[in-house]
Amino acid sequence: MKKEEFLTYLPNGAYGIFSTVGKDGMPEGRGWEFQFEEGNRYYFCTANTKEVYKQLQAHPKAAFTFMAAKGQHTVRINGTVHFVTDAAEKAKLWEKIDTIVQNMYQSAENPVFEILYLDDCTCKLAKGFNPVELVE
């Protein structure tokens, strides 16, 4: 499957489960909002005051899973986590962030606000009970 088709199953602003590795080495999933994809990077946001931020610093591998409301399809993304540290890049990306998140953090300069992305990703799509399709 081509990435363009895959992205039709993963709308910007989709809510799903973001999974990290906890201090105990076990997987930990939590509700999360996918922001957007750009340049083979899958963008998300968080606060650097949260435990998940510390987990991602210690173990920079994560996964995001989104399932359509009635289970028609499931999207899975696994990759390496990177934080955006360049202020100019962060400001540019801020314009694409969901307004709910923008309202929560008020500006890209908020010292608590972090933008992160997954890259070097393995992306998969499962349509119902059909075999999983790997994204090229």
Determine, stepwise, if the pair E133 / K124 fulfils side-chain contact (heavy atoms from CB on, under 4.5 Å).
CA-CA 6 Å; E133 297 178 59; K124 298 176 181 177; over 6 Å; no
Atom [atom1] of [X] and atom [atom2] of [Y]: how far apart are they, to the nearest 0.5 Å?
X: C121; Y: N78; atom1: SG; atom2: CG; result: 8.0 Å
X: K90; Y: I115; atom1: NZ; atom2: CD1; result: 6.0 Å
X: H73; Y: T8; atom1: NE2; atom2: OG1; result: 7.5 Å
X: Q35; Y: K96; atom1: CD; atom2: NZ; result: 12.0 Å
X: R30; Y: S19; atom1: CZ; atom2: OG; result: 7.5 Å
X: Y42; Y: L116; atom1: OH; atom2: CG; result: 14.5 Å

On the ring face of Y117, is R41 found with NZ or CZ under 6.0 Å from the centre and within 45° of the axis?
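Yes, cation above the ring, under 6.0 Å and within 45°.
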Is there a side-chain contact between [X] and [Y], using heavy atoms and a 4.5 Å cut-off?
X: F36; Y: L7; answer: no
X: K92; Y: E89; answer: no
X: H59; Y: T20; answer: no
X: M26; Y: V21; answer: no
X: V84; Y: L93; answer: yes
X: E4; Y: K2; answer: yes
X: Q57; Y: F83; answer: yes

When hydrophobic residues are tied together by side-chain contacts of less than 4.5 Å, even through go-betweens, does [X] share a cluster with [Y]?
X: M104; Y: I97; answer: yes
X: F64; Y: V81; answer: yes
X: L10; Y: M67; answer: no
X: V112; Y: Y53; answer: no
X: I17; Y: F6; answer: no

Apply side chain to side chain donor-acceptor pair (under 3.5 Å) to the pair R76 and T122, showing each step before the final yes or no.
CA-CA 8 Å; R76 293 183 285 174; T122 300; over 6 Å; no
Ion pair check, E5 and K127, cut-off under 4.0 Å:
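Yes, E5 and K127 are salt-bridged.
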Any ion pair linking K3 and E37 (charged N to carboxylate O, less than 4.0 Å)?
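A salt bridge is present here (some side-chain N lies under 4.0 Å from a carboxylate O).
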Before we go on, tell me: are the rings of Y43 and F34 under 6.0 Å apart, centre to centre?
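No, ring centres 6.0 Å or more apart.
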Does the ring centre of Y105 sit less than 6.0 Å away from the ring centre of W94?
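Between Y105 and W94, which both carry aromatic rings, the centre distance is not below 6.0 Å.
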Nearest non-hydrogen partners of [X] and [Y], listed with the distance:
X: F18; Y: A62; answer: CZ-CB, 3.6 Å
X: N48; Y: P111; answer: ND2-O, 2.8 Å
X: L134; Y: C123; answer: CD1-O, 3.5 Å

Using modelled atom types and a 3.5 Å cut-off, is there a donor and acceptor pairing between side-chain atoms of N103 and backbone atoms of T99?
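Yes: the side chain of N103 pairs with the backbone of T99.
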Between H82 and D119, does a side-chain contact (heavy atoms from CB on, under 4.5 Å) hold up when you go through it step by step?
CA-CA 8 Å; H82 302 276; D119 73 353; 2.8 Å; yes
Are F44 and W32 close enough, and set up right, to give a side-chain contact (heavy atoms from CB on, under 4.5 Å), and what steps lead you there?
CA-CA 8 Å; F44 302 87; W32 208 282; 3.5 Å; yes
Dump the intermediate steps for side-chain contact (heavy atoms from CB on, under 4.5 Å) on Q55 and K50, then the final yes or no.
CA-CA 9 Å; Q55 289 174 350; K50 294 181 177 180; over 6 Å; no
